[in-house]
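Quick note: numbers below take in every heavy atom, side chains included, and nothing from hydrogens, waters or symmetry partners. Both ligands and their constituent atoms are indexed starting at 1 by order of listing.
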Amino acid sequence: MQARILAIHAHPDDVEILAGGTMALLSAAGHSITIVTMTPGDCGSADLPADEIAAIRRNEAGSAASLIGAEYRCAEFRDLAVFSDDASRRRVVEILRRSKPDLVLTSAPVDYMADHEATSALVRDACFAAPARNYNTRDVQAAAPLKAIPHLYYMDPVGGVDREGCPVAPDFYVDVKSVFEKKTEMLARHKSQREWLKKHHGMDDYLAVMEQWTREVGRRAGLELAEGFRRYKGHPYPQTALLEELLGSHVAVISGVSAMP
Ligand SMILES: [Zn+2]
């Protein structure tokens with residue numbers, strides 16, 4: 001099966017940090033990948049005006065996606081202004097209908113920042129709405145409803161913890177050792193973030209921080225380098241283990257939790 005995969009997260013670089021290796025594996029296996037960011041990262045600079053940094057970051061995200069043959073699109077919300085409301089849900093449903101995904105990956109429902117949580121809720125609800133024939137996105141060139149609700153998976157929250165600092169355990173891990181160089185190369189395309197993350201997040205080197213995180217997830221999985229995911233369990237979303245099946249031997253299941261059907 002050649003699957004259509006849509007990874008939607010809030011900002012340019014989130015997908016690369018939390019799921020870049022998994023995207024690289026899926027792309028190498030011949031699946032079609034679209035990466036969408038809700039915003040162009042317009043607040044991610046202390047020096048440049050919003051429009052300028054947004055233009056730079058759209059290009060960086062497109063360049064990172066092109067490294068694995070993925071398409072990139074921006075939903076054109078704005079930083080710190082992603083909300084789960086009526087107009088936003090219609091916009092995200094339109095994105096889903098145009099991409100026709102079999103499988104969607106998005107941000108964790110509980111995460112350190114508001115845009116991540118709003119993205120998670122919007123994408124979850126858009127997956128539900130996208131096949132509903134009477135749900136009108138009000139887009140002038142509205143795409144047809146999806147045939148079915150796509151499979152929905154959550155990436156790890158940043159740092160693997162909720163807002164209280166409690167660990168959020170994934171259902172399963174993906175071994176990304178074989179594509180870690182590609183993951184690093186993808187994140188390195190987000191060059192504009194080096195200075196910003198140093199200034200605003202106190203991160204010395206964002207590539208090193210990503211590596212530390214991927215190693216830490218690997219350690220929890222008994223692997224060298226890994227990424228973690230959870231399948232959304234709500235009714236009536238599909239509950240077969242599509243992502244696990246597509247990734248095959250790259251998947252490590254946590255003991256006691258069955259990731260396969
Ligand atoms: Zn983010």
Side-chain angles (χ1 to χ4, degrees), residues 6-23 33-46 48 50 52-65 70 72-84 88 91-92 95 104-124 126 152-163 165 168 170 183-184 186-214 216-217 227-230:
L6 177 62
I8 312 186
H9 213 300
H11 312 112
D13 78 10
D14 286 325
V15 168
E16 286 81 348
I17 293 168
L18 297 163
T22 301
M23 293 302 110
I33 318 272
T34 303
I35 296 175
V36 170
T37 63
M38 297 296 266
T39 85
D42 49 289
C43 285
S45 172
L48 298 173
E52 273 179 48
I53 187 65
I56 290 169
R57 297 191 70 188
R58 278 189 210 96
N59 281 335
E60 290 174 344
S63 166
Y72 168 71
R73 277 181 236 148
C74 179
E76 297 298 344
F77 294 95
R78 286 299 175 264
D79 280 352
L80 297 164
V82 182
F83 297 100
S84 183
S88 307
R91 196 189 300 183
V92 178
I95 290 167
V104 175
L105 298 108
T106 192
S107 43
V110 175
D111 204 341
Y112 84 102
M113 88 78 77
D115 289 349
H116 289 205
E117 296 182 337
T119 298
S120 188
L122 274 167
V123 171
R124 178 198 65 206
L152 177 62
Y153 286 82
Y154 292 130
M155 300 174 207
D156 275 336
V158 171
V161 291
D162 66 16
R163 285 178 181 265
V168 176
K183 174 174 176 159
T184 307
M186 287 173 77
L187 187 59
R189 294 289 167 107
H190 296 269
K191 280 193 209 80
S192 68
Q193 294 309 283
R194 186 174 292 272
E195 284 312 307
W196 164 252
L197 292 171
K198 201 182 267 183
K199 209 174 265 182
H200 194 260
H201 291 238
M203 269 184 202
D204 244 0
D205 177 349
Y206 74 123
L207 294 177
V209 171
M210 180 279 282
E211 179 168 347
Q212 268 166 28
W213 167 242
T214 313
E216 171 56 24
V217 181
E227 293 167 350
F229 299 93
R230 277 180 293 162

S63-Y72 side chain donor-acceptor pair, cut-off 3.5 Å: no
N, O or S of D13 under 2.8 Å from the Zn ion (ligand 1): no
Parallel, tilted or perpendicular: rings of Y112 and H116 (30°, 60°): perpendicular
Closest approach to the Zn ion (ligand 1) by H116, given as the N, O or S atom name: NE2
The Zn ion (ligand 1) - closest N/O/S atom in D14: OD2
Atom of H11 closest to the Zn ion (ligand 1), considering N, O or S atoms: ND1
Under-4.0 Å salt bridge between D205 and R194: yes
Side-chain ion pair, K183 and E227, N-O less than 4.0 Å: yes
